[in-house]
Amino acid sequence: MAVEGGMKCVKFLLFVFNLIFWLCGLVLIVVGVLVQIGLHNTVAIRDASASAGPIVIIGIGVVIFFVAFFGCCGAWKENYCMVTTFAILLFLLIVVEIAAVIAGYMFREKLSNVVEDSLTEMISGYENSTADFKKTVDKLQEDMKCCGGNSSADWRNFGKDGKSVPDSCCVKPSAKCGQGNMNNSDKVHQKGCHDALLAFLRKNLLWVIVAALVIAGLQVFGIVFSCLLMRGINSGYEVM
């Protein structure tokens, strides 16, 4: 009876775990989408490697939805094959998540160069770009209260006089406020966007890494509960 009671507890814990696991999948999808938006819509970063981590995390989140459902059914029906498959899928997910964390950490080190290259490209292509592109750059500078990549001087080729910047660089943005005021700290932000943008993106990537590690830790418990339930089912104990 002691073993039977223990198996009942394991079955219940595995079922509850899968409900939590399902919510974790939702969290991964949301975090992955937010980071993807932060990487591409906010700064128009075009480096393909920037998408690797968030896309993997989103993919894992989607897979978790199906795996969690599979685990719930296996635990509820006490199906040895389903519970075994669930444990194997969890193990494979942990491997993928660890790989995503490593990739995210490595990209975090590379992020500074990616941001610098992207800002340089944005500045050089600003005047001949579309209205949406200009709006993206302007919003970035206004929100982060910065100007250019490393400093306002990065806009030296923006105007014919070599001393003008986009109006979004102004401390108080208004029409033509940036004309001839590149070096005027009272009217134009002198600090570039590189450092602020780098900190923002690293923070987002850190959330992805933390989310993946936390969920991988939970999955270890899921594998343990699955193995215990498999042992109980295989031994022929009635766990209902």
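In this text, all values refer to a predicted model and were calculated from it rather than measured experimentally. The figures that follow rest on heavy atoms only: side chains count, while hydrogens, waters and symmetry mates do not.
Checked against side-chain hydrogen bond (donor to acceptor under 3.5 Å, both in side chains), D186 has no partners two or more places apart in sequence or in another chain. Partners of Y126 according to the ring-ring contact (aromatic ring centres under 6.0 Å, His included) rule, which considers only residues two or more places apart in sequence or in another chain, are W155, F158. Every residue meeting the ring-ring contact (aromatic ring centres under 6.0 Å, His included) condition with F17, not counting sequence neighbours, appears here in chain and number order: F21.
Within the structure, salt bridge (charged side-chain N to carboxylate O under 4.0 Å, His left out) contacts touching residues 140-167 (residues at least two apart or in different chains) are K139-D143. Sorted by first and then second residue, the side chain to side chain donor-acceptor pair (under 3.5 Å) pairs with a member in residues 20-35 form an empty list; sequence neighbours excluded. Residue pairs satisfying the ring pair (Phe, Tyr, Trp, His ring centres under 6.0 Å) criterion with at least one member in residues 161-194, sequence neighbours excluded, are absent.
Taking all atoms of both residues into account, the shortest heavy-atom contact from L197 to L140 is CD1-CD1, 4.0 Å. Heavy-atom minimum distance, N18 versus A68: OD1-O, 3.3 Å. Of all non-hydrogen atoms in S164 and M182, the two that sit nearest each other are O-CE, 3.7 Å. Across all non-hydrogen atoms, the minimal contact from D138 to P166 is OD1-CB, 4.2 Å. In plain terms, the two heavy atoms of C177 and P173 that are nearest each other are SG-CA, 4.0 Å.
Of the possible polar contacts, none joining the S226 side chain to the V83 backbone as a donor-acceptor pair under 3.5 Å is found.
In this structure, M230 CE and T84 OG1 are separated by 3.5 Å, a value rounded to the nearest 0.5 Å. Expressed to the nearest 0.5 Å, how far CE of M122 lies from OG1 of T136 amounts to 7.0 Å. One finds the OG1 atom of T85 at 11.0 Å from the CG atom of L90 (value rounded to the nearest 0.5 Å). The CD1 atom of I88 sits 10.0 Å away from the CD1 atom of I223 when rounded to the nearest 0.5 Å. Of the inter-residue distances, the one linking L198 atom CG with C193 atom SG reads 12.0 Å to the nearest 0.5 angstrom. Of the inter-residue distances, the one linking D195 atom CG with N150 atom CG reads 7.5 Å to the nearest 0.5 angstrom.
Taken together through direct or relayed side-chain contacts under 4.5 Å among Ile, Leu, Val, Met, Phe, Trp and Tyr, V165 and V171 form parts of separate hydrophobic clusters.
Side chains of F86 and L89 form no contact here, defined as non-hydrogen atoms less than 4.5 Å apart. A 4.5 Å side-chain heavy-atom check between F200 and M144 finds at least one atom pair inside the cut-off.
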(message) disulfide (SG to SG under 2.5 Å) for C147 and C169? Distances and angles first, verdict last.
(response) CA-CA 5 Å; C147 185; C169 282; 2.2 Å; yes
(request) Start with the C-alpha distance between Q219 and I64, add both sets of side-chain angles, then the distance that settles side-chain contact (heavy atoms from CB on, under 4.5 Å), and finish with yes or no. (result) CA-CA 10 Å; Q219 288 170 345; I64 281 176; 4.0 Å; yes
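Q190 and S185 share no donor-acceptor pair across their side chains, judged by distance under 3.5 Å alone.
More than 12 heavy atoms of other shown residues, nucleotides or ligands fall within 6.0 angstrom of atom NZ in K134.
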